[in-house]
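This report concerns only the one structure given below.
Proteins come first, then strands; the chains are lettered A, B, ... in the order of their sequence lines, and each starts at number 1.
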There are 2 protein chains.
Amino acid sequence: MENQCIPESQLLAQQEKLQNNCPGITATLDLIKGKWKPLLMFYLSSGSRRFGELHRLLPNATQHMVATQLRELEHDGLVERRVYAEVPPRVEYSLTPRGESVRGLLEHIYHWSEQQNLPA
Amino acid sequence: MENQCIPESQLLAQQEKLQNNCPGITATLDLIKGKWKPLLMFYLSSGSRRFGELHRLLPNATQHMVATQLRELEHDGLVERRVYAEVPPRVEYSLTPRGESVRGLLEHIYHWSEQQNLPA
DNA sequence: CGGGATCCTCTGGGATACTG
DNA sequence: CAGTATCCCAGAGGATCCCG
């Protein structure tokens, strides 16, 4: 991650702090940067769901992408994957506490977008 | 933009609304998705700055990228570009009201990241 | 000084097919 | 059902050179 910031002594303390910590912002944005991640998290916000269920909710996403995005969310600790040893196999996905927290962030973004005249 | 959502009647009204409007979230994220955009906006939050100044503040970004990102921010109405007919040429960049608003969003993200144990 | 023009690379996303 | 394995492509990002 090479996009560090250069602190400028002329800036206010708060802003200096912000700038020295911008990696945090980048890292946070990276968590939700995936094309289907926000939607997945919204669908999971109402409770745990199965893989096929999520796939059906995202008809424009391929199986491959649903799986990949879920893997990344899981790797980042936002989503929990629970496998049940049954036949046929069953896998349930749900938001971790941290995932819920990120979803709160998304909700905040949503409310902002609502106040703007964004292209539908 | 094909990543639409399928509304699910079982969901609460608020969540249905969220899901039917997720394009707004995507659109908002697109505004700040660029690699250097958050940093540029933070540097502009303390007042207008010149091109070279911004470039110096982002040593890892090429001139080309600084210019490109600024063009996009300008196109999205987040940054204003003012050219002064002088020699040598001078160009000042500043946040528009809408840009300030987006920066508020970034600040919110920043505060979230501060509460987390994100990898520095 | 503040860019634009070109070319190149790399990766996020997608299509398709196969499997425990 | 819930994936993995391959192959492929567009577009974001970068290097380099040139210009008014």
Side-chain angles (χ1 to χ4, degrees), chain A residues 1-4 22-23 26-27 29-41 43-44 48-76 78-94, chain B residues 1-5 22-23 25-27 29-41 43-44 48-76 78-94:
Chain A
M1 205 159 287
E2 354 73 2
N3 54 340
Q4 298 292 335
C22 25
T26 304
L29 288 176
D30 283 346
L31 296 180
I32 53 180
K33 172 164 65 85
K35 180 167 182 180
W36 307 100
K37 288 181 185 178
L39 298 179
L40 283 171
M41 300 190 66
Y43 283 126
L44 289 176
S48 68
R49 288 180 181 277
R50 306 183 53 170
F51 180 88
E53 205 174 349
L54 290 169
H55 183 33
R56 247 173 287 113
L57 290 165
L58 298 173
N60 294 322
T62 64
Q63 231 176 10
H64 178 252
M65 279 321 294
V66 175
T68 303
Q69 302 276 81
L70 283 172
R71 287 290 158 285
E72 292 182 17
L73 288 173
E74 186 193 8
H75 175 267
D76 291 334
L78 306 184
V79 159
E80 189 187 1
R81 178 170 177 269
R82 214 167 308 183
V83 185
Y84 297 88
E86 305 173 359
V87 273
R90 190 170 113 244
V91 180
E92 297 262 3
Y93 291 93
S94 59
Chain B
M1 206 158 289
E2 351 74 7
N3 55 340
Q4 297 292 335
C5 325
C22 27
I25 296 177
T26 304
L29 289 176
D30 282 347
L31 295 181
I32 53 180
K33 174 164 60 92
K35 182 168 181 179
W36 307 102
K37 288 182 185 178
L39 298 180
L40 283 171
M41 300 190 67
Y43 283 128
L44 290 176
S48 67
R49 288 181 182 275
R50 304 184 55 172
F51 179 87
E53 206 174 349
L54 290 169
H55 183 33
R56 246 172 287 117
L57 289 166
L58 299 173
N60 294 323
T62 63
Q63 233 177 10
H64 178 251
M65 279 319 294
V66 176
T68 304
Q69 302 278 80
L70 283 172
R71 286 291 155 288
E72 291 182 19
L73 288 173
E74 184 192 7
H75 175 266
D76 291 334
L78 306 185
V79 159
E80 189 188 0
R81 178 171 178 268
R82 214 166 310 182
V83 185
Y84 297 88
E86 304 172 358
V87 271
R90 189 170 114 241
V91 180
E92 297 263 2
Y93 291 93
S94 58

What's the shortest heavy-atom distance between B/V66 and B/H55, and which atoms?
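The pair with the smallest heavy-atom distance is CG2-ND1, 3.8 Å.
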
Rounded distance (Å) that lies between atom [atom2] of [N] and atom [atom1] of [X]:
| X | N | atom1 | atom2 | result |
| --- | --- | --- | --- | --- |
| A/K33 | C/dG13 | NZ | C1' | 12 Å |
| A/N60 | C/dG12 | CG | C1' | 17 Å |
| A/R90 | C/dG20 | CZ | P | 23 Å |
| A/K37 | C/dG13 | NZ | C1' | 12 Å |
| A/L40 | D/dA2 | CG | P | 14 Å |
| B/L57 | C/dG2 | CG | P | 13 Å |
| A/L29 | D/dA12 | CG | P | 17 Å |
| A/R49 | D/dA2 | CZ | P | 13 Å |

Nearest-neighbour nucleotide for the B/W36 side chain, D/dG14, D/dG13, C/dG14 considered
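Given the options D/dG14, D/dG13, C/dG14, the side chain of B/W36 is closest to D/dG14.
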
Report the nucleotide, chosen from D/dA2, C/dG14, D/dG14, that has the shortest atom-to-atom distance to any side-chain atom of B/K35.
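Looking only at heavy atoms from C-beta outward on B/K35, the closest nucleotide is D/dG14.
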
Tell me what A/Q69 touches on the nucleic acid: a base, only sugar-phosphate, or nothing, going by heavy atoms under 4.0 Å.
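The residue A/Q69 makes sugar-phosphate contact but no base contact.
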
Pairwise distance CG(A/L73) to CE(A/M41) - rounded to 0.5 angstrom
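Atom-to-atom, A/L73:CG and A/M41:CE are 6.0 Å apart.
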
Please list, pair by pair, any protein nitrogen or oxygen found under 3.5 Å from a nitrogen or oxygen in nucleotides 3-8 of chain D.
unit_1 : atom_1 : unit_2 : atom_2 : d
D/dG3  : OP1    : A/R71  : NH2    : 3.0
D/dG3  : OP1    : A/R81  : NE     : 3.1
D/dG3  : OP1    : A/R81  : NH2    : 2.5
D/dG3  : OP2    : A/Y93  : OH     : 2.6
D/dG3  : N7     : A/Q63  : OE1    : 3.0
D/dG3  : N7     : A/Q63  : NE2    : 3.1
D/dG3  : O6     : A/Q63  : OE1    : 2.9

Chi angles and distances behind the side-chain contact (heavy atoms from CB on, under 4.5 Å) call for A/L58, A/L40
CA-CA 8 Å; A/L58 298 173; A/L40 283 171; 3.6 Å; yes

Counterpart residues, side chain to side chain contact (heavy atoms under 4.5 Å, CB included), relative to B/R71 (two or more places apart)
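Result, side chain to side chain contact (heavy atoms under 4.5 Å, CB included) vs B/R71: B/E74, B/R81, B/Y93.
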
Start with the C-alpha gap between A/L70 and A/F51, add the side-chain angles, then the distance that decides, and say whether side-chain contact (heavy atoms from CB on, under 4.5 Å) holds.
CA-CA 9 Å; A/L70 283 172; A/F51 180 88; 4.0 Å; yes

Ionic contact status for A/R49 with A/E92, cut-off 4.0 Å:
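So A/E92 does not pair with A/R49 through a salt bridge.
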
Identified salt bridge (charged side-chain N to carboxylate O under 4.0 Å, His left out) partner of B/E72 from the options B/K33, B/K37, B/K35
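The residue from B/K33, B/K37, B/K35 that satisfies salt bridge (charged side-chain N to carboxylate O under 4.0 Å, His left out) with B/E72 turns out to be B/K37.
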
Examine C/dC1: is either OP1 or OP2 under 4.0 Å from a nitrogen or oxygen in the side chain of B/R50? Give yes or no.
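It does not, given that no N or O in the side chain of B/R50 lies less than 4.0 Å from OP1 or OP2 of C/dC1.
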
